[in-house]
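Beneath this line is the structure, given in structure tokens, with notes to follow.
Quick caveat, the model's predicted, so the values are computed rather than measured. Computed from heavy atoms alone, side chains included, the values below leave out hydrogens, waters and symmetry copies.
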Amino acid sequence: QVRLLESGGGLVQAGDSLRLSCAASGRTFSSHGFCWFRQAPGKERQFVASISASDQTTRYTDSGKGRFTISRDNANNAVYLQKNSLKPEETADYFCAARITYGIIIATTTFDSWGQGTQVTVAS
């Protein structure tokens, strides 16, 4: 397992950009696939984006395609989520999750590790 720590959240205006980071501890980072989820108050957790360990296959929620980019830096044990043209409805706590696998990461993957989350507020 890896331990995950998200950062980069904050208060932004609609249309702004934000980059979230997920720092991972442990020596098996490159063997993990990662996913970003978000959860707004009173709502269910939603899949945002994922990236696999092997060929770095990425997947995105339909609303994020073209605006969000997930990436990973195996040398620095970090995963990033670049979000552009942010919308007020994307206000939520954003969580990073990881699973040790070289397979494709999808929304229903069972994850081994979760971070504590970072809050993103998009003002209209």
Side-chain angles (χ1 to χ4, degrees):
Q1 285 189 349
V2 292
R3 286 193 296 181
L4 306 175
L5 181 63
E6 302 94 335
S7 62
L11 172 64
V12 297
Q13 299 296 313
D16 283 353
S17 297
L18 200 64
R19 189 177 83 156
L20 304 182
S21 299
C22 175
S25 64
R27 294 182 292 178
T28 58
F29 179 87
S30 61
S31 303
H32 283 75
F34 291 87
C35 191
W36 284 96
F37 289 90
R38 66 185 174 209
Q39 187 166 20
K43 296 188 177 181
E44 292 186 354
R45 187 172 62 203
Q46 292 182 320
F47 169 84
V48 177
S50 67
I51 186 166
S52 68
S54 55
D55 58 1
Q56 300 196 15
T57 298
T58 57
R59 293 175 181 256
Y60 297 93
T61 182
D62 286 344
S63 64
K65 289 177 181 177
R67 295 190 299 120
F68 294 173
T69 302
I70 187 171
S71 61
R72 61 189 296 158
D73 181 347
N74 288 345
N76 291 298
N77 284 15
V79 177
Y80 305 102
L81 181 66
Q82 176 69 40
K83 304 188 299 175
N84 299 327
S85 302
L86 283 162
K87 304 175 181 180
E89 56 265 36
E90 291 167 341
T91 292
D93 290 326
Y94 283 73
F95 298 89
C96 179
R99 177 177 175 86
I100 186 164
T101 177
Y102 286 102
I104 298 297
I105 297 293
I106 60 176
T108 55
T109 295
T110 299
F111 294 95
D112 306 316
S113 304
W114 288 84
Q116 294 297 308
T118 185
Q119 187 176 55
V120 174
T121 302
V122 185
S124 58

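- Hydrophobic clustering of Ile, Leu, Val, Met, Phe, Trp and Tyr side chains at less than 4.5 Å, counting indirect connections, keeps Phe95 apart from Leu20.
- Taking each heavy atom of Ser17 and Ser85 in turn, the nearest pair found is OG-N, 4.2 Å.
- Summarising the geometry, atom OG1 belonging to Thr121 is positioned 11.0 Å from atom CD belonging to Gln13; distances are rounded to the nearest 0.5 Å.
- In terms of heavy-atom proximity, Ala24 sits nearest to Leu4 at CB-CD2, 3.7 Å.
- The backbone N or O of Phe29 lies less than 3.5 Å from a partner atom in the side chain of Arg72, making a donor-acceptor pair.
- Taking the disulfide bond (SG atoms under 2.5 Å apart) definition, one finds that Cys22 meets it with Cys96, sequence neighbours left out.
- Heavy atoms only, all atoms of each residue included: Ala40 and Ala92 are closest at N-CB, 3.7 Å.
- Take Arg99 and apply the salt bridge (charged side-chain N to carboxylate O under 4.0 Å, His left out) test, not counting sequence neighbours, and it matches Asp112.
- Considering every non-hydrogen atom in both Thr91 and Val122, the closest pair reads OG1-N, 2.8 Å.
- At least one donor-acceptor pair under 3.5 Å links the side chain of Ser52 to the backbone N or O of Thr57.
- Using the six-membered ring where Trp is involved, Phe47 and Phe37 have ring planes that are perpendicular, over 60° apart on the 30 and 60° scheme.
- A donor-acceptor distance shorter than 3.5 angstrom exists from the side chain of Ser54 to the backbone of Tyr102, with no hydrogens or angles considered.
- Put simply, CD1 on Ile70 and OG on Ser50 are 6.0 Å apart, with the number rounded to the nearest 0.5 Å.
- Closest heavy-atom contact between Thr118 and Gly9: OG1-N, 3.1 Å.
- For the atom pair OG (Ser63) and CD (Glu89), the distance works out to 8.5 Å, reported to the nearest 0.5 Å.
- The distance from the CZ atom of Arg3 to the CG atom of Asn77 is 12.5 Å, given to the nearest 0.5 Å.
- Within the 3.5 Å criterion, the main-chain N or O of Gln116 finds a donor-acceptor partner in the side chain of Glu6.
- A heavy-atom distance below 4.5 Å is not found between the side chains of Val120 and Arg38.
- Val12 and Val48 fall within a single hydrophobic cluster, where Ile, Leu, Val, Met, Phe, Trp and Tyr are joined by side-chain heavy atoms under 4.5 Å apart, directly or via other members.
- Smallest separation of non-hydrogen atoms from Arg59 and Ile104: NE-CG2, 3.1 Å.
- Neither side chain, Gln82 nor Arg19, offers a donor N or O lying under 3.5 Å from an acceptor on the other.
- Cation-pi check for Arg67 over Tyr60 is not met; the charged atom does not lie both under 6.0 angstrom from the ring centroid and within 45 degrees of its normal.
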Go through His32 and Val79 one step at a time and tell me if the side chain to side chain contact (heavy atoms under 4.5 Å, CB included) criterion holds.
CA-CA 11 Å; His32 283 75; Val79 177; over 6 Å; no
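- In this structure Gln39 satisfies the side chain to side chain donor-acceptor pair (under 3.5 Å) test with no other residue, sequence neighbours excluded.
- Tyr94 is linked by a ring pair (Phe, Tyr, Trp, His ring centres under 6.0 Å) to nothing, counting only residues two or more places apart in sequence or in another chain.
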Pair Ile105, Phe111 - check side chain to side chain contact (heavy atoms under 4.5 Å, CB included), show working.
CA-CA 9 Å; Ile105 297 293; Phe111 294 95; 3.8 Å; yes
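- If you take OG on Ser30 and CG on Asp73, they are separated by 11.5 Å, rounding to the nearest 0.5 Å.
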Start with the C-alpha gap between Lys83 and Trp36, add the side-chain angles, then the distance that decides, and say whether side chain to side chain contact (heavy atoms under 4.5 Å, CB included) holds.
CA-CA 12 Å; Lys83 304 188 299 175; Trp36 284 96; over 6 Å; no
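- Chaining together hydrophobic side chains whose heavy atoms lie under 4.5 Å apart leaves Leu5 on its own.
- Under the salt bridge (charged side-chain N to carboxylate O under 4.0 Å, His left out) criterion, Lys43 pairs with no residue, sequence neighbours left out.
- Although no hydrogens or angles enter the test, the distance criterion places no donor-acceptor pair under 3.5 Å between the side chain of Asp16 and the main chain of Leu86.
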